[in-house]
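Every number for a ligand or one of its atoms is a count from 1 in the order of the listing. These figures come from a predicted structure and were not determined experimentally. In this chain, residues are counted from 1 in sequence order.
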Amino acid sequence: MMDDPIQIAAKDLANTQKVVALTGAGISVESGIPPFRGKGGLWEKFDPMEYAHINAFMKNPAKVWNVLIKEMKEIIDKAKPNDAHKGLARLEDLGILTTIITQNVDGLHQVAGNTDVIEFHGNFAWQRCLDCGSRCETAKIDVTRIPPRCECGGIYRPDCIFFGEMIPPQHLYRSEKVASNCNIMLVVGTSARIQPAASIPVMAKQAGAKVIEINTERTPLSEKISDYIILGKAGEVIKRLTAEIERLKNLNPI
Ligand code: APR
């Protein structure tokens, strides 16, 4: 029974504090948001250098709005947290999980109830005017005129980063800090191919943390960095994991 990795992880997590999660696109797949890489991924349909690089946006904002941003807005506007987001919020309630570092820009961790979320790649919930810098909620943006413009006439861009842009330094700094201070890092639904986010579990490991991966497939972290991987859909795995932790905590209250 104990070779079930969900039971092992539940035991590892049940009596621990200072757990940090690093999440990627895979955690939102069960909310209807496609991932970037792999089957059905966005980058199978679009060349990221043509649509998701800052130079491509600055050269032709209307093209990037029409092909990529409008579609992202439609999908994210209607997405709701799934069992994986809800499970991570429950782990915060239980005093186990302190912080989520997410590469996602969909805001679903906050909707689920997590209160300390580092949005490593920024946030799609807001748009920022390229000229005057004023912000507008993405949900309120009128997309009948592309590219959408601010009252000042400037073009809106999403408040998340494009390829070719820097990670906001305060997010990078805090992520490194929490990663180096956690007891366990949960790495959920990321292909761990994009830097610097992919180095965060390495940092946690080097500082002595246990690294537990949850993914539908193995990643470059799986061999050398992760202590073990739980293969499966994030929603299903985290729901079972949370239920098992609750059971263990009732049996062995701290
Ligand atoms: N549950 C768990 N994992 C899943 C699921 C699921 N239901 N579905 C897919 N996955 C896994 C895939 O196996 C893959 O490893 O999620 C991962 C998604 O990988 P990517 O699409 O590469 O997403 P991510 O790692 O977040 O990408 C990082 O790349 O293009 C940029 O800026 C973009 O933030 C993004 C960054």
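Protein residues with any heavy atom under 4.0 Å from ligand 1: G24, A25, G26, V29, E30, P35, F36, R37, W43, Q103, H121, F163, G189, T190, S191, I194, N215, T216, E217, G232, K233, A234.
Checking side-chain atoms of N183 against main-chain N and O of T16 turns up no donor-acceptor pair under 3.5 Å. With N181 contributing its side chain and K177 its backbone, the two residues share a donor-acceptor pair below 3.5 Å.
Screening residues 24-48 for salt bridge (charged side-chain N to carboxylate O under 4.0 Å, His left out), with sequence neighbours left out, gives K45-E71.
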(request) Would you please test E92 and T98 for side-chain hydrogen bond (donor to acceptor under 3.5 Å, both in side chains) and show each step? (result) CA-CA 6 Å; E92 180 181 319; T98 57; over 6 Å; no
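In this structure F46 satisfies the ring pair (Phe, Tyr, Trp, His ring centres under 6.0 Å) test together with Y51, sequence neighbours excluded. Under the salt bridge (charged side-chain N to carboxylate O under 4.0 Å, His left out) criterion, E137 pairs with K140, sequence neighbours left out.
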